[in-house]
Structure formats: C-alpha cells, structure tokens
Amino acid sequence: MSTIAAISTPVYQGGLAVIRMSGENALPIADSIFVGKTMPSEMAGYTCGYGKIVREGRTLDDVILTVFRAPHSYTGEDTVEISCHGGVYLAREVLKLIIEHGAEPAPAGEFTKRAFLSGKLSLTQAEGVLDIISANGERELVSARAMRDGNLSKNIHSVAEEMTRISGNLAAWSDYPDEDIPDADTSHLDSDLSNIINRLEHILNSYDKGKILRQGIDTAIVGRPNVGKSTLMNQLLGYKRSIVTENAGTTRDVIEESVRVGDFVLKLSDTAGIRNTTDPVECIGVDLATQRLENAELVLAVFDSSEEFTETDREILEKIKNKPHIVLLNKSDLPEKLDKEYFLDENILSVSANSGSGLEKLPEMIAELFKLGGSSDNAEIYINERQRSQVSKAVGFVKQALAEYRSGITLDAVTVYMDEALNALLELTGERATEAVVNNLFERFCVGK
Ligand code: GDP
Ligand code: MG
C-alpha cells in the first residue's frame with residue numbers, strides 16, 4: 001500500500017501541529033527530510049528524536065519526530081509523527097515536503113481505515129474513534145471509549161457465535177433432509193432465539209439515549225405569564241437573550257437558543273405565557289407556546305412559588321403530565337405562597353431563576369428522566385444510526401426465524417433467516433462488510449485521522 005501523509009491537527013494557528021505519515025516508505029521519507037542525532041530508520045519504535053526538517057539545505061522548523069514500527073502502530077504500518085510549531089503555512093510546507101518525497105495525501109479517515117484493514121480495529125471500534133473525537137460530554141466520551149475498546153464488537157460477536165452454534169445444529173438436518181439423520185435437537189430453539197432477540201433489543205435500546213446526547217433535546221419552557229420563563233432562559237444561557245419585564249405578556253414570539261446543561265444540549269424555546277387573552281398578537285404567541293409544548297421532547301414547566309396556585313397552573317399541569325417534564329417552582333427567594341400539594345410529581349425543583357440557585361440539580365434530573373443513569377461511569381454504549389440499522393435488521397430476521405419455527409413447517413426457513421441475521425451482524429462489525437460500506441464509513445472521518 002502507498003505511504004500516506006496528512007496534517008492530523010486542526011489547520012489553525014496553535015501551539016503545535018502534528019503531521020503524520022504511514023506506510024512502507026514512512027521511515028525512508030523521514031530520513032530524507034529530518035536531520036537529527038539519529039536517522040528515523042535507525043530509531044526504535046515508540047521513541048522520538050529532536051531535529052530539524054530541512055528542504056534543500058534550508059531549515060523549515062525544529063521538530064520532535066516520533067517513530068512507530070509496524071505492527072505496533074495505530075495503522076499497523078510504519079508510522080512517523082512530526083510535531084512542529086503550530087503554524088498553518090509551516091505545517092503545510094512540511095506536508096508538501098513529505099509529498100514531494102513520494103507520500104500521497106491521505107484521504108479522510110485513511111489512517112483509521114488502514115487500522116481496520118490490518119485487523120487492528122473492527123468497524124464498530126473505528127466508529128468508537130469517530131465518537132471519541134465528536135464527544136461533547138462525559139457520557140458520550142465514556143460510551144465512545146467503550147466502543148473503541150471493542151465492548152460493542154465483543155457483545156455482537158458473542159451473539160453472532162451463539163447464532164452460528166444454533167445454525168450449525170440445524171445445518172446437518174436441513175442440508176441432508178432426505179438422509180437418515182436423527183432429527184435436529186430443537187428443544188431449546190425457541191428459548192435460544194428469544195434470548196438472542198432480547199440481547200439484540202437491549203443493544204438497540206441505547207440508540208435513543210445516544211441520539212439525545214448527540215443531537216440535543218428539544219426543550220420547551222412553558223408556564224403562565226410572569227412566572228420567570230424568560231429569566232430562566234437567560235439564566236441557563238448565561239446572558240440576556242429573552243426580554244424580561246414585570247409586565248405579563250412580554251414574550252410573544254418563540255425565542256430559541258441551545259445551551260449545554262451538564263452532559264446535555266438543551267435546544268431551548270422560551271414561549272409566551274399561557275393564559276386566556278383577547279390580545280390577538282398574544283393569542284398567536286399562546287398558540288405557539290401550546291404547540292411547542294406538545295412537540296417538545298422535554299418540557300420545563302415553570303410555576304411561581306410566591307403566588308397561589310391558579311386554574312391556569314392546573315391546566316398546564318394537565319397538559320404536561322404525559323410528557324417528559326420537570327416542574328420548576330421558581331422565585332424560591334421570595335416567601336412561599338404556592339400550595340405544593342398540587343404537585344404530586346417526583347420531578348420537582350425549587351429554583352430561583354434570578355440567581356440560578358437550585359438549577360445545579362437540573363442535569364441529574366434530566367439524566368434520570370431519560371434513564372441515562374445516575375452517573376456516567378456505568379459504560380453504556382450508545383449505538384449510532386448505522387449500527388442501529390444493522391442490529392434492527394438482525395432482530396427482524398431472528399424474529400422471522402422464530403416465527404417460522406413456531407409455525408412448525410420446516411427448519412430450512414429458520415436457517416435461511418438465521419444466515420441473514422448473521423450477515424447483518426458481520427456487516428456491523430466489518431467482518432463481512434462490502435467495500436462501499438467501509439468507504440462510506442471512513443469518509444465521515446477527518447483528514448489525518
Ligand atoms: P415570563 O413572563 O415567565 O417570561 O417571566 P419573566 O422572566 O419576564 O419574569 C417576570 C418577573 O419575575 C420579572 O420581574 C423577573 O425579574 C421576576 N423573576 C423571575 N425570576 C425570579 C426569581 O427567581 N426571583 C424573583 N424574586 N423574581 C423573579
Ligand atoms: Mg417571557
């Protein structure tokens with residue numbers, strides 16, 4: 001395979017830039033551009049040397065060069081990493097020099113693709129690398145690490161092995177149905193297949209949680225006028241985005257902003273206060289608020305704890321009861337007048353939107369609401385769309401296999417469906433993925449990864 005090279009750090013000014021090259025000519029090319037105490041081709045793996053990158057006798061930069069020797073490198077090939085000063089022009093010049101010496105510019109994801117092709121990573125592990133880079137918070141990172149470490153591949157692999165065992169059991173029978181072979185032992189088939197379905201469905205369940213972490217949560221802030229919705233929005237954002245006044249009916253349009261709250265991105269909409277009004281403009285605002293409430297994935301319902309419970313509050317409680325919601329009893333800094341008996345909910349937070357006090361418990365509550373566990377150290381793996389689609393194909397086929405078996409007609413069909421399910425899983429881990437699937441996946445990586 002050719003020797004590839006790329007700038008692996010972002011192409012901005014920074015402290016350092018790293019240029020990486022991999023392939024059989026990585027060391028000879030390094031020899032011809034690097035002047036240091038030891039030639040790169042004489043250096044042991046996992047060692048680095050200080051020296052200069054020189055073009056036609058002129059020094060481009062002083063650098064640290066690290067050598068990784070096949071197969072003990074990320075790609076499995078000889079690899080050289082050059083850390084130079086973090087200038088955009090400089091890093092590009094170093095890369096240009098390497099390419100002039102025979103390396104090829106690496107397409108996106110090519111280093112990780114080579115790691116996959118050399119058997120160092122499964123496809124799902126490679127996707128874990130992608131997730132590590134895009135992780136925005138602790139939960140995503142823990143999941144990505146577990147995926148990178150192969151926990152998902154191992155789990156899928158063990159299901160696939162179990163399926164192979166079951167198919168093997170049936171194969172002799174279905175391959176030679178006319179021979180005088182004793183009937184296949186099917187006494188456990190029903191429970192074995194059900195068990196596989198359960199295991200795969202368990203993996204599928206993590207998709208929605210991962211989606212919440214990756215894509216954020218559509219969150220509507222609702223409540224009657226003047227309870228402090230806009231103040232809450234501004235407090236969460238950390239700056240004054242929504243207009244706050246003591247006049248009821250100030251917010252009319254829906255104001256949208258995204259904010260990170262702990263591990264979550266809330267895609268917030270601050271809405272008009274819900275009340276009966278004759279003002280036509282406010283009326284439109286109230287309709288929009290109600291729509292937002294209905295479509296939201298999470299509702300932050302704000303109530304004023306310094307006032308008595310009202311009929312509108314009751315209507316709002318009714319509207320949110322079947323939606324994931326958190327009740328915020330606001331203005332906790334003022335004397336309390338609200339009768340808490342009306343709130344039979346477990347998801348209640350007493351807060352002061354003015355000062356932010358009480359809001360620190362919000363991330364934990366959101367985590368519980370979306371069943372993301374109390375802490376991020378129980379490494380649940382959040383599968384991505386490709387993985388979800390493969391696992392769900394596999395589940396579909398195993399279910400068909402089970403249905404065929406239960407209908408009692410023939411075991412042939414069972415083995416056919418089991419094979420299809422197995423194919424879906426092996427495509428997932430990459431053991432039987434087509435070139436198109438592999439290329440498509442690595443195109444989503446950055447250049448230099
Ligand atoms: P909205 O109509 O629900 O958007 O309410 P606003 O955010 O516009 O706030 C209405 C009034 O309540 C303003 O005068 C705010 O300063 C006040 N307010 C909001 N939050 C608090 C709070 O936590 N404590 C106190 N004392 N006043 C608050
Ligand atoms: Mg408002």
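For reference, positions follow the sequence shown, starting with 1. Atoms within a ligand are numbered from 1 in the order they appear, just like the ligands themselves. What you see is a predicted model; the values in this text were computed from it and never measured.
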May I ask you to check whether [X] has an N/O atom sitting below 3.5 Å from an N/O atom of ligand 1?
X    : value
D270 : no
I243 : no
A353 : yes
N330 : yes

Within 2.8 Å of the Mg ion (ligand 2), is there any N, O or S atom belonging to T251?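 A backbone or side-chain N, O or S atom of T251 is under 2.8 Å from the Mg ion (ligand 2).
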
Check whether any N, O or S atom of S230 sits under 2.8 Å from the Mg ion (ligand 2).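 Yes, within the cut-off.
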
Atoms of ligand 1, numbered as shown, that sit under 4.0 Å from any heavy atom of [X]:
X    : value
E246 : 14 (O)
S352 : 22 (C), 23 (O)
G228 : 1 (P), 3 (O), 5 (O), 6 (P), 7 (O), 9 (O), 19 (C)
S230 : 1 (P), 4 (O), 7 (O)
K229 : 1 (P), 2 (O), 3 (O), 4 (O), 5 (O), 7 (O)
L334 : 26 (N)

Identity and separation of the nearest protein heavy atom to [atom]:
atom                    : answer
atom 2 (O) of ligand 1  : N226 N, 2.8 Å
atom 28 (C) of ligand 1 : N354 ND2, 3.4 Å
atom 18 (N) of ligand 1 : K331 CE, 3.6 Å

Output yes when [X] and [Y] qualify as a salt bridge under the 4.0 Å nitrogen-oxygen rule, no when they do not.
X    : Y    : result
E100 : K96  : no
E315 : R224 : no
D192 : R165 : yes
K361 : E368 : no
R55  : E93  : yes
R20  : E81  : yes
D270 : K229 : no

Of T245, I221, T231, which has the heavy atom at the shortest distance from atom 11 (C) of ligand 1? T245

Identify whether NZ of Lys or CZ of Arg in R214 sits under 6.0 Å from the centre of the six-membered ring of Y382 and within 45° of that ring's axis. no

Compute both the distance and the angle, then confirm whether K399 meets the cation-pi test with Y417: under 6.0 Å from the six-membered ring centre, within 45 degrees of the axis. no

Heavy-atom contact check, 4.0 Å cutoff: does D333 meet ligand 1?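 The answer is yes: ligand 1 sits under 4.0 Å from a heavy atom of D333.
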
Under 3.5 Å, is there a donor-acceptor pair between the Y50 and D62 side chains? yes

So, do F343 and F303 have ring centers that fall under 6.0 Å from each other? yes

